[in-house]
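Every chain is numbered from 1, with letters handed out A, B, ... down the list of sequences.
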Amino acid sequence: MQFGILINEGPYTHQASDSAFLFARTAIEKGHTVPRVFFYHDGVNNSNRLATPPQDDRNVSARWSKLAAEHGVDLVVCVAAAQRRGITDDVLAPGFRISGLGQLVEMGIQYDRLVTFGD
Amino acid sequence: MQFGILINEGPYTHQASDSAFLFARTAIEKGHTVPRVFFYHDGVNNSNRLATPPQDDRNVSARWSKLAAEHGVDLVVCVAAAQRRGITDDVLAPGFRISGLGQLVEMGIQYDRLVTFGD
Amino acid sequence: MLHIVNKSATERGALESCLAMATKGSAVLLIEDAVYAVTNGSTAAAKIQAAAADLKIYALGPDLAARGMAGRVLDGVNVVDYGGFVDLVAEHSNCQSWL
Amino acid sequence: MLHIVNKSATERGALESCLAMATKGSAVLLIEDAVYAVTNGSTAAAKIQAAAADLKIYALGPDLAARGMAGRVLDGVNVVDYGGFVDLVAEHSNCQSWL
Amino acid sequence: MSDMDEMDDGSGIVKKFMFLNRKAPHGTVYALEGLEVVLITAAFDQDVSMVFTDDGVYQLMKGIDSKGIEVKDFSKTYRALEGYDIEKLYVDQKSMDARGLTEEDLIVDVTVLSVDEMANLMAEQDVVISF
Amino acid sequence: MSDMDEMDDGSGIVKKFMFLNRKAPHGTVYALEGLEVVLITAAFDQDVSMVFTDDGVYQLMKGIDSKGIEVKDFSKTYRALEGYDIEKLYVDQKSMDARGLTEEDLIVDVTVLSVDEMANLMAEQDVVISF
């Protein structure tokens with residue numbers, strides 16, 4: 001089955017970002033596909049490669065990049081939300097790209113399920 | 001009177017960041033001083049100079065920079081919170097600096113009031 | 001002491017916790033989404049009016065206006081602007097934001 | 001339909017709104033801070049047990065454990081892991097997150 | 001809201017999208033950024049319903065004046081929805097009653113639903129997105 | 001938490017700082033990042049009280065195991081507070097009761113206060129910071 005995932009909150013502050021990652025990874029492990037994850041609202045902050053959390057803590061953008069590289073997940077950051085919050089191509093971690101809200105609507109139209117994580 | 005201000009949320013997503021700015025500007029207009037504003041938790045995201053909100057909307061980091069330049073407000077971004085969230089010297093707007101939590105405690109010790117804005 | 005509440009009382013517990021802990025004579029200032037609590041017909045209206053016997057209740061005018069609520073404020077609630085907000089912080093020896 | 005709630009029922013209104021709108025036979029999955037609602041002695045316990053007559057109530061085990069609540073789950077609540085979360089989404093034709 | 005022209009994902013599929021608004025305006029950005037998603041979804045010719053419940057009903061208040069907090073007033077966008085063929089606007093009766101509001105207080109015409117009607121409407125959707 | 005050694009702002013002033021914890025752990029980062037502020041404040045030799053009320057009492061639960069959500073378990077830090085001379089830990093009786101919790105359920109020794117006692121404690125502080 002194809003799952004689309006929408007993430008509305010940034011890393012560390014809200015667990016939403018962690019829950020979404022563990023859900024996506026588990027879905028893939030179980031043989032489903034996650035063709036795209038869409039980052040909206042403060043969710044765009046998950047894509048920031050400049051983050052350097054403590055060594056004993058998870059690195060949110062890096063683990064998304066790894067999942068994308070290994071399983072072909074398309075990580076799409078909303079352009080309008082990103083502009084408001086200072087996320088540009090210059091700070092984007094590998095595997096993320098900036099695009100329009102149409103990419104979110106397409107997920108709803110084309111995939112079997114759309115699951116939202118937020119606050 | 002000296003007011004310290006603590007901001008715990010980022011721009012646009014929560015009004016906290018707007019309320020804090022309007023409070024600080026009004027306090028200065030009324031003849032008080034705001035020697036320092038401390039940005040903690042997602043509040044560190046207010047310092048990002050890469051933000052380009054729509055032209056008819058407020059530019060949060062730019063208006064803090066302007067207030068700092070005109071009234072000598074020290075804009076301090078918490079280093080630990082900033083590292084988790086990808087805020088580095090490279091993306092800092094004018095007038096902001098990155099430092100430790102001791103700067104927040106000093107505000108509590110030295111100023112007449114400490115006012116917190118958050119979620 | 002000045003208590004500051006910024007959350008809608010229909011969605012969060014902050015106002016209720018604040019009113020339970022504010023001592024007699026304290027001031028409570030409602031800002032942002034918390035201002036809905038002091039409008040006619042709100043679920044919190046009765047609680048606010050009961051609290052106003054022991055506490056001074058304030059609400060931020062610009063936040064009321066931004067929510068279309070400027071004309072619906074309960075009797076006994078003092079509407080202030082940002083200047084009044086600054087004055088309230090200055091007049092009280094300490095303040096607490098119920099985040 | 002699968003309803004997903006992630007907010008503490010003592011701090012937010014999401015669970016109450018969800019339970020009011022979930023139709024008979026629907027599933028409700030509690031994750032993150034929402035899992036406190038299905039623990040013994042919680043304020044929401046009675047509501048959860050009443051709702052369990054018409055709805056299937058699930059809670060995410062890793063979130064219970066992370067809160068020291070693994071041993072306190074109410075009878076009638078099904079504890080699932082992330083694999084179970086994925087299965088619930090797959091088994092129901094649509095889902096709604098009560099943010 | 002630059003890309004609101006007709007869009008097409010090529011599939012010709014039309015799904016039922018419900019946008020559930022549960023949050024007050026201005027305190028958080030969800031109401032504003034949520035509107036942007038609704039407009040784009042309509043541009044893809046999907047079957048769009050907007051639902052306002054809990055504090056979300058406050059989004060539709062008449063007489064909003066946000067100059068004093070120095071943010072954009074986006075409440076007029078709700079009146080423009082009809083122009084984008086978004087005509088299914090529903091509010092929850094119970095949420096209105098709890099806030100002392102009537103249809104007269106709202107900036108647009110809406111259909112008022114009971115909790116049961118709202119629950120049935122939600123259950124028949126393909127996609128529900130909550131802001 | 002690298003800068004927890006003795007610090008001094010040079011003023012010699014000692015103020016009463018209260019840290020009010022109202023939020024559950026893990027769902028949001030406030031509990032964790034709040035602890036960092038508390039430790040630094042103690043390093044400045046200030047008079048520190050930590051108060052746990054509403055969902056904040058959940059921060060002190062015994063038996064937390066966060067491996068399954070792949071985040072750090074910081075609950076042991078509460079047991080280390082004593083080593084930093086942070087000994088005034090208060091929990092709200094009413095919040096404990098509402099959640100079916102007793103002192104036996106908590107990872108540290110605390111003083112349980114009634115709402116009135118808590119209110120008086122708060123009123124006598126110089127600085128209150130809420131997380």
- request: Could you tell me which of Gln110(B), Glu106(B), Arg84(B) has the largest number of non-hydrogen atom pairs under 4.5 Å with chain F?
  value: Arg84(B)
message: Does any backbone or side-chain atom of Leu114(B) lie under 4.5 Å from a heavy atom of chain F? Answer side chain, backbone, both or neither.
response: side chain
message: Under 4.5 Å from any heavy atom of chain F, what part of Asp42(B) do you find: side chain, backbone, both or neither?
response: neither
field: Asp18(B)/Arg58(B) ion pair, N-O < 4.0 Å
entry: yes
message: Taking side chain as everything from C-beta outward and backbone as N, CA, C, O, which of these in Thr41(F) sits under 4.5 Å from a heavy atom of chain B? Side chain, backbone, both or neither.
response: both
query: Quick one: do Glu33(F) and Arg85(B) make a salt bridge, cutoff under 4.0 Å?
result: yes
- prompt: If you count heavy-atom pairs under 4.5 Å with chain F, which of Ala80(B), Cys78(B), Gly108(B) comes out on top?
  reply: Gly108(B)
task: Classify the ring geometry between Phe17(F) and Phe19(F) as parallel (under 30°), tilted (30 to 60°) or perpendicular (over 60°).
output: parallel
query: Salt bridge between Arg97(B) and Asp74(B), side-chain N to carboxylate O under 4.0 Å?
result: yes
field: Phe38(B) portion near chain F, given a 4.5 angstrom heavy-atom threshold
entry: neither
query: Among Thr116(B), Leu6(B), Asp119(B), who wins on heavy-atom pairs under 4.5 Å with chain F?
result: Asp119(B)
message: Surrounding CD of Glu70(B) (heavy atoms of other residues, nucleotides or ligands, distance under 6.0 Å), is the total greater than 12?
response: yes
- request: Let me know which of Lys23(F), Arg99(F), Arg22(F) forms a side chain to side chain donor-acceptor pair (under 3.5 Å) with Asp54(F).
  value: Arg22(F)
If you look only at distance, which donor and acceptor atoms sit under 3.5 Å apart when one is on a side chain in residues 113-124 of chain F and the other is two or more places apart or in another chain?
from: Ser114(F); atom 1: OG; to: Glu117(F); atom 2: N; distance (Å): 3.2
from: Ser114(F); atom 1: OG; to: Glu117(F); atom 2: OE1; distance (Å): 3.3
from: Glu117(F); atom 1: OE1; to: Ser114(F); atom 2: N; distance (Å): 2.8
from: Asn120(F); atom 1: ND2; to: Asp116(F); atom 2: O; distance (Å): 3.2

task: Identify which part of Tyr30(F) has an atom lying under 4.5 Å from any heavy atom of chain B, answering side chain, backbone, both or neither.
output: both
- line: Bottom line for Arg113(B): the part with an atom under 4.5 Å from chain F's heavy atoms is neither
